Amino acid sequence: SAAPCEKNQIRTRITAVSLSLVVGALLMAAKFYIYRITMSTAILSDALESIINVVASAFALVSILLAAIPPDKNHPYGHGKIEYFSAGFEGALIMLAAAGIFKTGWPRIFEPAPLPNLQEGLWLLLGASLVNLLLGLGLIRTGRKTRSLTLEADGKHVLTDVFTSVGVILGLFLVNFTGWFWMDGAVACLVGVNILYTGGVRLHQSFAGLMNASDPKLLQEICRLLDENRKEAWIDVHQLRAWASGNLIHIDFHLILPRSFSLEEAHREAKELENILNGHFNGNASV
């Protein structure tokens, strides 16, 4: 039935984001340890971004718990939109981290300093990045499976952190090979530019969700479902609109039926189509 399926989805989301929080905290601690032994501002920039990962995962956990609360008198459309606030909060934090990275990385370009234990630090950072890669891919897969914007956003941010770490590793490998220590600060600033862009994308996604912007993928999915189940009596569908709020999908449209139909026949056809949509979205469709 729909209710147990929905409970399983919520349980899966909570488990995934809790795992993300714990693993993220451990990786953040590891990166700050690597910074301590190498004194690399590029690695510090990576560690600062990891703080955002941990805070974003904590906020994601809260938002998923709130989004799971069913609609009530004060919130008849449910609490799912908290997920868009989560994505926006994450974007703002990323931009704040970028400012901190520029502050530490820029002076090192003009005042370079030797980096002790760099080879050891690079191996440790590579190991942390592989763990992060597995975590990010797992979060995105679970987010799509359970229709959670928050999990997908958290997973994509973790992958951004992986790309950042790879860039840092490549840059510091070059530093280790050439002895050009000024590149440490340059890599840190490049990391800042990269996550500044990522933060902007997160904010855009948040605003789009809060403003009920159209979701082409969701509309295509509904159109495909209507086409697959179309009956001869269903003359046309127009003014189709849909938006997501957490795990709830809100759909409205006009179904054109033959003028010879009685009210009872028309109601039966509409109810059948409503059940098809509700079944497809695991009982989470409001039609």
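Computed over heavy atoms, backbone and side chain alike; hydrogens, waters and symmetry mates excluded. Bear in mind that the values here come from a model prediction, so they are computed numbers and not experimental data.
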Sub-4.5 Å side-chain heavy-atom contact between [X] and [Y]:
X      : Y      : value
Asp46  : Asp161 : yes
Val168 : Val191 : yes
Leu257 : Trp234 : yes
Arg13  : Thr142 : no
Gln9   : Lys145 : no
Ile43  : Tyr35  : yes
Leu219 : Asp215 : no
Leu124 : Tyr33  : yes

Where is the tightest heavy-atom contact between [X] and [Y], given as atom of each residue plus distance?
X      : Y      : answer
Ala98  : Gly192 : CB-O, 3.6 Å
Pro112 : Trp182 : CB-N, 3.5 Å
Ala188 : Ser45  : CA-OG, 3.9 Å
Gly88  : Leu203 : O-CD2, 3.3 Å
His254 : Gln239 : CE1-OE1, 3.6 Å
Ser165 : Lys31  : OG-NZ, 3.4 Å

Spacing of [atom1] belonging to [X] relative to [atom2] belonging to [Y], to within rounding of 0.5 Å:
X      : Y      : atom1 : atom2 : result
Leu226 : Glu221 : CG    : CD    : 11.0 Å
Leu125 : Leu172 : CG    : CG    : 7.5 Å
Ile101 : Leu196 : CD1   : CG    : 9.5 Å
Asp154 : Leu139 : CG    : CG    : 5.5 Å
Ile169 : Thr164 : CD1   : OG1   : 11.0 Å
Ile249 : His280 : CD1   : NE2   : 9.0 Å

Donor-acceptor under 3.5 Å ([X] side chain, [Y] main chain):
X      : Y      : answer
Glu265 : Ser262 : yes
Asp227 : Cys223 : no
Arg141 : Gly136 : no
Asn117 : Glu120 : no
Asn282 : Asn284 : no

With hydrophobic residues grouped by side-chain heavy-atom distances under 4.5 Å, do [X] and [Y] end up in a single group?
X      : Y      : answer
Trp123 : Leu115 : yes
Leu137 : Val162 : yes
Val54  : Leu96  : no
Leu93  : Leu159 : no
Phe181 : Leu190 : no

message = Under a 4.0 Å threshold between the charged nitrogen and the carboxylate oxygen, would Lys231 count as salt-bridged to Glu272?
response = yes
- Query: Would you call Glu274 and Lys271 a salt bridge, taking side-chain N to carboxylate O under 4.0 Å as the test?
  - Reply: yes
task = Evaluate the criterion side-chain contact (heavy atoms from CB on, under 4.5 Å) for residue pair Phe281 and Leu218; output intermediate values, then yes/no.
result = CA-CA 11 Å; Phe281 291 107; Leu218 178 59; 4.0 Å; yes
Should the heavy atoms of other residues, nucleotides or ligands under 6.0 Å from [atom1] of [X] be counted, would the total exceed 12?
X      : atom1 : answer
Glu228 : CD    : yes
Phe261 : CZ    : yes
Phe85  : CZ    : no

Phe163 and Ile195: CA distance, side-chain angles, deciding distance, side-chain contact (heavy atoms from CB on, under 4.5 Å) verdict: CA-CA 10 Å; Phe163 298 143; Ile195 68 169; over 6 Å; no
> Relative to each other, are the rings of Phe110 and Trp106 parallel, tilted or perpendicular (30° and 60° limits)?
Replying inline: perpendicular
Under 3.5 Å, is there a donor-acceptor pair linking the side chains of Ser57 and Ser20?
->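 Yes.
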message = For a quick check under 3.5 Å, do Thr41 and Asp184 share a side-chain donor-acceptor pair by atom type?
response = yes
Check step by step if side-chain contact (heavy atoms from CB on, under 4.5 Å) holds for Ile140 and Arg144.
-> CA-CA 6 Å; Ile140 290 174; Arg144 286 174 180 166; 3.7 Å; yes
Yes or no on side-chain contact (heavy atoms from CB on, under 4.5 Å) for Ile51 and Leu48, after CA distance, side-chain angles and deciding distance? CA-CA 5 Å; Ile51 293 177; Leu48 284 173; 4.1 Å; yes
